[in-house]
There are 2 protein chains.
Amino acid sequence: MVGIRRLADHLNLSIGTVSRALNGRPDVNADTRARVLKAADELNYVANQSGRSLRSGTTGAIGFMVQTGPQFNLQGESFFTSVFDGVQSVLNRHHLDLIVLLCAADEDPDQYLRRMVLRGFVDGMIISHTLRVDPRIAFLASRQLPFVTLGRSETDAGQSWIDIDFEGLGRLAVERFVAQGHREIAVALPLDDINLGHLLHRAVAAAMAAHGVQLIPKHVLRSQPGDLGGFEVAGRLAALTPRPTAIVLSDESLAIGLYRGLKAQGIVPGRDIAVIGRDSLAVRFLSPTLTRYGQSLRDLGIELGEALLRSMPAYQAFYPEGPVHKVWPLEFTLGESDGFTP
Amino acid sequence: MVGIRRLADHLNLSIGTVSRALNGRPDVNADTRARVLKAADELNYVANQSGRSLRSGTTGAIGFMVQTGPQFNLQGESFFTSVFDGVQSVLNRHHLDLIVLLCAADEDPDQYLRRMVLRGFVDGMIISHTLRVDPRIAFLASRQLPFVTLGRSETDAGQSWIDIDFEGLGRLAVERFVAQGHREIAVALPLDDINLGHLLHRAVAAAMAAHGVQLIPKHVLRSQPGDLGGFEVAGRLAALTPRPTAIVLSDESLAIGLYRGLKAQGIVPGRDIAVIGRDSLAVRFLSPTLTRYGQSLRDLGIELGEALLRSMPAYQAFYPEGPVHKVWPLEFTLGESDGFTP
DNA sequence: GATACTACCGGAAACGTTTACGAGGATGGC
DNA sequence: GCCATCCTCGTAAACGTTTCCGGTAGTATC
């Protein structure tokens, strides 16, 4: 292991000068800097991260916490890789690296976040899957660690957030349904207190009410995300009498299981029921094609990365100050699944 | 920020004693230890990771490097979350945390690994997507960092590896095909030099030769992974004259795009062509159902985690010594897609 | 030619922790 | 009563880096 001391000895310089040269400080001669960089490359010296962090208090890494496990199986995935890609492209411009912290399904997310933050690996955090009331936000704020959330929350610590337009999804889907004559409209929501479920629920109810239709409590179908949840929803949907004639889905991959479940019941989307869902790679291959709302996840990731940098003092020279609150616009894709009219 | 010094002052102890108490060293009184733990909890003291790593040379984190980006989009995902889950369950038993390092598609994997390792975040590494000749293995070995690979490689540094049985996949698929009378058999492989492609290719050719059938070079279809690759393969498959009557797929999600592409050509799996693929969550909902080989990915992850711990000196008291080389057994699932006989 | 200033560099402290070493008291055996 | 042993704890030296501070030249100013 070659440290800065050996590098300095090799160059007949002091470690202070070597450090300054490597870190681009102004008070070092251009020639010596070149010499130092050359020698560092030859001896392939790399600064020890622990030493550096200990002294400077920064690590150069940003954490992105996601939840995983059986119930989040297919769901978050093509989703997250696109978002990661966008975030990374921003961070890399500033020599920051993204590390993904995945909380296992059997672990408490609050505890997990706490542990990872206190470990001191990261200079900033991005958290997703925000709950309507989310203790993680208060914790991060209390630690004064820069962070942003993917998803709004009613717990507000003044942080930036970027979110998907679940309210728009609910409103637009309902308006399509109502215009086609539907009155028995259902909505599939997550089980837990994740905020997007609340937003979608409220938006659907409001849009229906605005058209003089009522959202029946029995038509609010809560389930696990992913294909299994969708399958289960299909069963419960088929058992309802009268059966709803239309349904809007909260989760990207609910549609897959829903189609499978409906098929088992002899119900064909677009012929026997109208379905509007969210876009993802997997649902693009459903037949009949799904009518859906999506968004550019890579761009969303870029926005997320920039919002984080805004909140980090070291980078506020590059980005305008102040928190970002942005609801990402929806992109509509017409499919065959909402062709059915009652 | 409360450090060990403030904690020691508060307890009227020396920082040495406090450190020993917290780290479970034997030479500290049981009462004082209890006192220390209590105070640490109350003042919610958490050891600074940089200081600890600097002194002890360990971080308590294990890295799992995966590649992402457009061409790895849907593919690796339900796959990896299951593997991660297994790895994590092992590591957590020893208070190690898993952090996921994802290499963007536009970055050189060797450079990325190098950077992350030299950053000094991790005590050990798991790498996947092993190439037939993989410089990362030599690099990790030269750094003497404990590591294991998910996937064999011809670059051998004596490390442990766990792999999926691609040779079995090729052999068993071919045997099924041949028994059904197929002679024009194709195989879909990855584009790059990833070792699994080589293994599958060789196994298919050998199994066919053993039955007096020849693998025609034009029937080796190389493509990107994922649904897009599968779609492309379908087009090239349909263009071949005479068209192969059977195909075996290397990638978990090729089947999705393949089905879509075949459908566009009016070719139905199980009726016009026999298809055998690999299992994943997404392919389970194809229609006609896919005949496929899979494996318990969570168990594979557990094995992977244990293999890594074996190679770390600090944990060799818990696990038997020596490298692990394990080819994971296949689980067969009969579907409708290989029902076609020429 | 004295002063002021600049450019560059060395010295040394500090970051927070672990751990080798030794000191002190208590205990035990003879 | 003495020596050996054990238990418990304090002291201090590391780990590798960054950064403040001061010092030495050299140059410019008058």
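Quick note: numbers below take in every heavy atom, side chains included, and nothing from hydrogens, waters or symmetry partners. Below, read A as the first sequence line, B as the second, and so on, with proteins coming before strands; counting in each chain starts at 1.
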Asks: Determine the minimum heavy-atom distance between Val324(B) and Glu303(B), stating which atoms define it.
Replies: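 Answer, listing the atom of Val324(B) first, then Glu303(B): CG1-OE2, 4.1 Å.
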Asks: Please report, rounded to the nearest Å, how far the P atom of dA12(C) is from the CZ atom of Arg5(A).
Replies: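 Rounding to the nearest Å, CZ of Arg5(A) and P of dA12(C) are 11 Å apart.
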Asks: Could you check whether Asn12(B) gets within reach of a base, just the sugar-phosphate, or nothing at all, counting any heavy atom under 4.0 Å?
Replies: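 Result for Asn12(B) = sugar-phosphate.
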Asks: CD of Gln49(B) versus C1' of dC15(C): gap in Å, rounded?
Replies: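 Rounded to whole Å, this separation is 15 Å.
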Asks: Can you find a pair of side-chain heavy atoms, one from Asn44(A) and one from Arg114(B), that are under 4.5 Å apart?
Replies: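 Result yes, sub-4.5 Å side-chain heavy-atom pair found.
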Asks: For the pair made of CG in Asn48(A) and C1' in dA14(D), what is the distance, rounded to whole Å?
Replies: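 Roughly 14 Å, once rounded to whole Å.
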Asks: May I have the distance from Asp31(B) (atom CG) to dT8(D) (atom P), rounded to whole angstrom?
Replies: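 Between P of dT8(D) and CG of Asp31(B): 9 Å.
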Asks: Please assess Asp27(B) against Arg25(B) for the test salt bridge (Lys or Arg N to Asp or Glu O under 4.0 Å), listing each intermediate value before the final yes or no.
Replies: CA-CA 6 Å; Asp27(B) 54 347; Arg25(B) 288 306 170 94; over 6 Å; no
Asks: Within the 4.5 Å heavy-atom criterion, are Tyr319(B) and Val90(B) side-chain neighbours or not?
Replies: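 They are in side-chain contact.
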Asks: So Ser53(B), base contact, sugar-phosphate only, or nothing? Heavy-atom distance under 4.0 Å.
Replies: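 No contact.
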Asks: Taking all atoms of both residues into account, what is the closest heavy-atom pair of Leu304(B) and Ile126(B), and its distance?
Replies: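 Looking at all heavy atoms of both residues, the shortest contact is CD2-CG2, 3.8 Å.
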Asks: Please report, rounded to the nearest Å, how far the C1' atom of dC7(D) is from the CZ atom of Arg33(B).
Replies: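 After rounding, the reported distance stands at 13 Å.
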Asks: Quick one: is Thr32(B) getting a side-chain N or O under 4.0 Å of the dC9(D) phosphate, OP1 or OP2?
Replies: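 The answer is yes; a side-chain N or O of Thr32(B) sits under 4.0 Å from OP1 or OP2.
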Asks: Output the rounded distance in Å from CG (Leu54(B)) to C1' (dC15(D)).
Replies: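 Whole-Å distance recorded here is 4 Å.
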Asks: Under 3.5 Å between N/O atoms: give me all the protein pairs with nucleotides 18-21 of chain C, atom names plus distance.
Replies:
{"unit_1": "dT18(C)", "atom_1": "OP1", "unit_2": "Asn23(B)", "atom_2": "ND2", "d": "3.0"}
{"unit_1": "dT18(C)", "atom_1": "OP1", "unit_2": "Arg52(B)", "atom_2": "NE", "d": "3.0"}
{"unit_1": "dT18(C)", "atom_1": "OP1", "unit_2": "Arg52(B)", "atom_2": "NH2", "d": "2.9"}
{"unit_1": "dT18(C)", "atom_1": "OP2", "unit_2": "Ser19(B)", "atom_2": "OG", "d": "2.7"}
{"unit_1": "dT18(C)", "atom_1": "O2", "unit_2": "Arg55(B)", "atom_2": "NE", "d": "3.3"}
{"unit_1": "dT18(C)", "atom_1": "O2", "unit_2": "Arg55(B)", "atom_2": "NH1", "d": "2.9"}
{"unit_1": "dT19(C)", "atom_1": "OP2", "unit_2": "Arg25(B)", "atom_2": "NH2", "d": "2.5"}
{"unit_1": "dT19(C)", "atom_1": "O4'", "unit_2": "Arg55(B)", "atom_2": "NH2", "d": "3.3"}
{"unit_1": "dA20(C)", "atom_1": "N6", "unit_2": "Arg20(B)", "atom_2": "NH1", "d": "3.4"}

Asks: Calculate the interatomic distance between Asn29(A) atom CG and dG26(D) atom C1'; express it in whole Å.
Replies: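 To the nearest whole Å, that distance equals 13 Å.
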Asks: Does any donor atom in the side chain of His10(B) or Tyr45(B) lie under 3.5 Å from an acceptor atom in the other side chain?
Replies: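 Tyr45(B) and His10(B) do not have a side-chain donor-acceptor pair below 3.5 Å.
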Asks: Could you tell me if the side chain of Arg143(A) sits less than 4.5 Å from the side chain of Leu118(A), heavy atoms only?
Replies: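 Yes, side chains in contact.
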Asks: Tell me the closest heavy-atom pair linking Val122(B) and Ile99(B), and the distance in Å.
Replies: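 It is CG1-CD1, 3.9 Å.
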Asks: Please list, pair by pair, any protein nitrogen or oxygen found under 3.5 Å from a nitrogen or oxygen in nucleotides 23-25 of chain D.
Replies:
none

Asks: Given atom CG of Asp9(A) and atom P of dG10(C), what is their separation to the nearest angstrom?
Replies: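 Atom CG in Asp9(A) sits about 11 Å away from atom P in dG10(C).
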Asks: Take Glu42(A) and Lys38(A), measure what salt bridge (Lys or Arg N to Asp or Glu O under 4.0 Å) needs, and give me the verdict at the end.
Replies: CA-CA 6 Å; Glu42(A) 284 171 1; Lys38(A) 182 154 166 287; 3.2 Å; yes
